[in-house]
Enquirer: 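My questions will all concern the structure given below.
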Amino acid sequence: MDFSKFFARSPADVAGDLIGAHMTYRGVGGIIVETEAYHRADPASHSFNGRTPRNSVMFGPPGYAYVYRSYGIHWCLNFVCEPASAVLIRAVEPRDGLGAMEERRGMTALRMLCSGPGRLCQALGISGDDNGLPLDAPPFALALPQGAAPLHVGPRIGITKAVDEPLRFGLKGSAFLSKKF
DNA sequence: TTCTGGATTGTCT
DNA sequence: GACAATCCAGAAC
C-alpha cells in the first residue's frame with residue numbers, strides 16, 4: 001500500500017496493520033509488535049480538547065511522528081493518522097542495533113529493551129526533538145508489513161478514560177509485548 | 001503566576 | 001502487588 005494512504009485512515013485500522021512492520025530510528029529498531037489507537041473523538045486522546053502547541057502535530061498531515069513526555073520522565077512515540085488521531089507505539093521486537101539499545105537501556109535482557117512506550121523511546125534514543133519528523137525520511141525508516149499478521153485485540157493500558165474500548169493491538173504469540181492480553 | 005494530573009517505569013515489600 | 005519518582009502542558013486565577 002502507498003505510504004501516505006496507509007496513514008490517512010482511521011487509527012484503529014492503521015494500528016492493526018502496523019503490527020509486523022519493520023521500524024528503525026538511526027538504524028536502531030525492529031518489528032512493531034504492539035500498538036494502541038487514539039481517534040479524534042477519544043477522551044483519552046491528546047487531541048480531544050482541541051489543538052494546542054504540544055499536540056499540533058496530531059492535527060497536521062498523516063505519516064509523521066508525534067513525541068511527547070509522559071509523567072515527566074518518559075518519552076512516548078506516536079504515528080499521526082487521519083487528522084486529530086494517532087497510533088501509540090507500545091512495543092517493538094529488537095532486531096537492529098542491539099548493542100546501542102542495550103547500552104542506552106543499561107541492560108541486556110532482550111525482552112526488556114522495548115516492551116513499553118517509555119522503554120522503546122529510551123532504547124531507540126527518541127526524544128522530544130523528534131516531534132513532527134516525517135516517518136518516511138531519515139532518521140526514521142519504516143517498512144510496511146507484507147500481508148496481515150495474526151493479532152490480539154484488547155482494552156488499552158495506562159489511561160483513565162475510555163479504558164474499555166478494544167483499541168490495543170498486539171502480535172499474537174510475541175514474547176515482546178508490554179503486558180499480556 | 002500558580003496548580004494539577006498524567007497514553008509509565010523501576011524498586012521495594 | 002503497591003507505590004514513589006519527576007516535570008511539563010494546560011487550565012485556572
Side-chain angles (χ1 to χ4, degrees), chain A residues 7 10-19 21 23 25 30 32-60 62-94 101-133 135 151-171 174-181:
Chain A
F7 283 103
S10 77
D13 288 344
V14 175
D17 290 345
L18 271 176
I19 301 298
M23 185 202 79
Y25 172 84
I32 296 174
V33 296
E34 189 179 346
T35 60
E36 280 182 9
Y38 289 86
H39 56 81
R40 74 177 74 189
D42 188 345
S45 169
H46 285 181
S47 63
F48 182 68
N49 290 320
R51 182 172 183 159
T52 65
R54 175 174 65 146
N55 66 20
S56 62
V57 173
M58 285 183 76
F59 292 82
Y64 281 71
Y66 168 49
V67 183
Y68 73 94
R69 193 186 277 286
S70 173
Y71 289 82
I73 308 171
H74 312 285
W75 294 105
C76 292
L77 173 65
N78 298 249
F79 292 172
V80 177
C81 302
E82 62 181 8
S85 72
V87 172
L88 170 68
I89 309 302
R90 289 192 56 89
V92 162
E93 176 181 336
M101 291 192 208
E102 291 170 352
E103 186 175 337
R104 278 193 279 255
R105 294 279 296 123
M107 59 174 67
T108 57
L110 204 57
R111 67 183 60 188
M112 294 298 290
L113 288 180
C114 301
S115 59
R119 295 169 182 167
L120 170 66
C121 288
Q122 187 184 6
L124 269 58
I126 294 173
S127 74
D129 294 339
D130 303 302
N131 188 35
L133 294 181
L135 295 171
L151 297 182
H152 276 302
V153 181
R156 292 176 295 181
I157 292 177
I159 57 176
T160 58
K161 300 163 188 168
V163 179
D164 294 330
E165 293 191 56
L167 293 173
R168 175 173 175 238
F169 302 85
L171 179 63
S174 173
F176 300 94
L177 302 174
S178 60
K179 283 188 178 181
K180 291 179 181 176
F181 278 79

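Fair warning: this is a prediction, and the values are worked out from it, not measured in the lab. Residue numbers begin at 1 in each chain, while the letters A, B, ... track the order of the sequences.
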Enquirer: Looking only at side-chain N and O atoms, does A:R69 come under 4.0 Å of OP1 or OP2 in B:dA7?
Expert: no
Enquirer: For A:R168, which contact category applies under a 4.0 Å heavy-atom criterion: base, sugar-phosphate, or nothing?
Expert: nothing
Enquirer: Is A:Y71 stacked on the base of C:dA5, meaning ring centres closer than 5.5 Å and planes within 30 degrees of each other?
Expert: no
Enquirer: Atom CG of A:N78 and atom C1' of B:dT8: how far apart are they, to the nearest Å?
Expert: 14 Å
Enquirer: From B:dT8, B:dG6, C:dA9, pick the nucleotide closest to the side chain of A:T160?
Expert: B:dG6
Enquirer: Using whole Å, report how far CG of A:N131 lies from P of C:dC8.
Expert: 15 Å
Enquirer: Can you find a heavy atom in the side chain of A:S45 that is under 4.5 Å from one in the side chain of A:M58?
Expert: yes
Enquirer: Between A:L120 and A:G72, which is nearer to the 5' end of DNA chain B once each is assigned its nearest nucleotide?
Expert: A:G72
Enquirer: Please state how far atom CE in A:M112 lies from atom C1' in B:dT9, giving the value in whole angstrom units.
Expert: 9 Å
Enquirer: Could you tell me if the side chain of A:V57 sits less than 4.5 Å from the side chain of A:V67, heavy atoms only?
Expert: no
Enquirer: A:Y66 side chain: which of C:dA11, B:dA7, B:dT8 is closest?
Expert: B:dA7
Enquirer: Using Watson-Crick or G-U wobble geometry with both distances under 3.5 Å, which nucleotide pairs with C:dT6?
Expert: none
Enquirer: Among C:dA5, B:dA7, B:dT9, which nucleotide has an atom closest to any side-chain atom of A:I73?
Expert: C:dA5
Enquirer: Check whether any side-chain heavy atom of A:F59 sits under 4.5 Å from a side-chain heavy atom of A:V80, and report yes or no.
Expert: no
Enquirer: Is the ring pair A:F181/A:H152 parallel, tilted or perpendicular, if the boundaries are 30 and 60 degrees?
Expert: parallel
Enquirer: Assess the side chains of A:R119 and A:S115: does a donor N or O sit below 3.5 Å from an acceptor N or O?
Expert: yes
Enquirer: Rounded to the nearest Å, what distance is computed from the CD atom of residue A:Q122 to the C1' atom of nucleotide C:dT6?
Expert: 15 Å
Enquirer: Round to the nearest Å and state the distance from A:N49 atom CG to C:dA9 atom P.
Expert: 16 Å
Enquirer: State whether the distance check finds a donor on one side and an acceptor on the other, under 3.5 Å, for side chain A:Y68 versus base C:dA9.
Expert: no
Enquirer: Rounded to whole angstrom units, what separation is found between the CD atom of A:E34 and the P atom of B:dT8?
Expert: 11 Å
Enquirer: State whether the side chain of A:E93 and the backbone N or O of A:S174 hold a donor-acceptor pair below 3.5 Å, judged by distance alone.
Expert: no
Enquirer: Output yes when at least one side-chain N/O atom of A:R105 is less than 4.0 Å from OP1 or OP2 of B:dG10, else no.
Expert: yes
Enquirer: Does B:dG10 have its OP1 or OP2 closer than 4.0 Å to a side-chain nitrogen or oxygen of A:R119?
Expert: yes
Enquirer: How many Å lie between CG on A:N55 and C1' on C:dC8, as a whole number?
Expert: 14 Å
Enquirer: Starting at NE2 of A:H74 and ending at C1' of C:dA4, how long is that distance when rounded to a whole Å?
Expert: 12 Å
Enquirer: Could you tell me the Watson-Crick or G-U partner of B:dA7, where both distances fall under 3.5 Å? Say none if there is no partner.
Expert: none
Enquirer: Under 4.0 Å between any heavy atoms, over every strand shown, what does A:R156 touch: base, sugar-phosphate, or nothing? Just pick one.
Expert: nothing
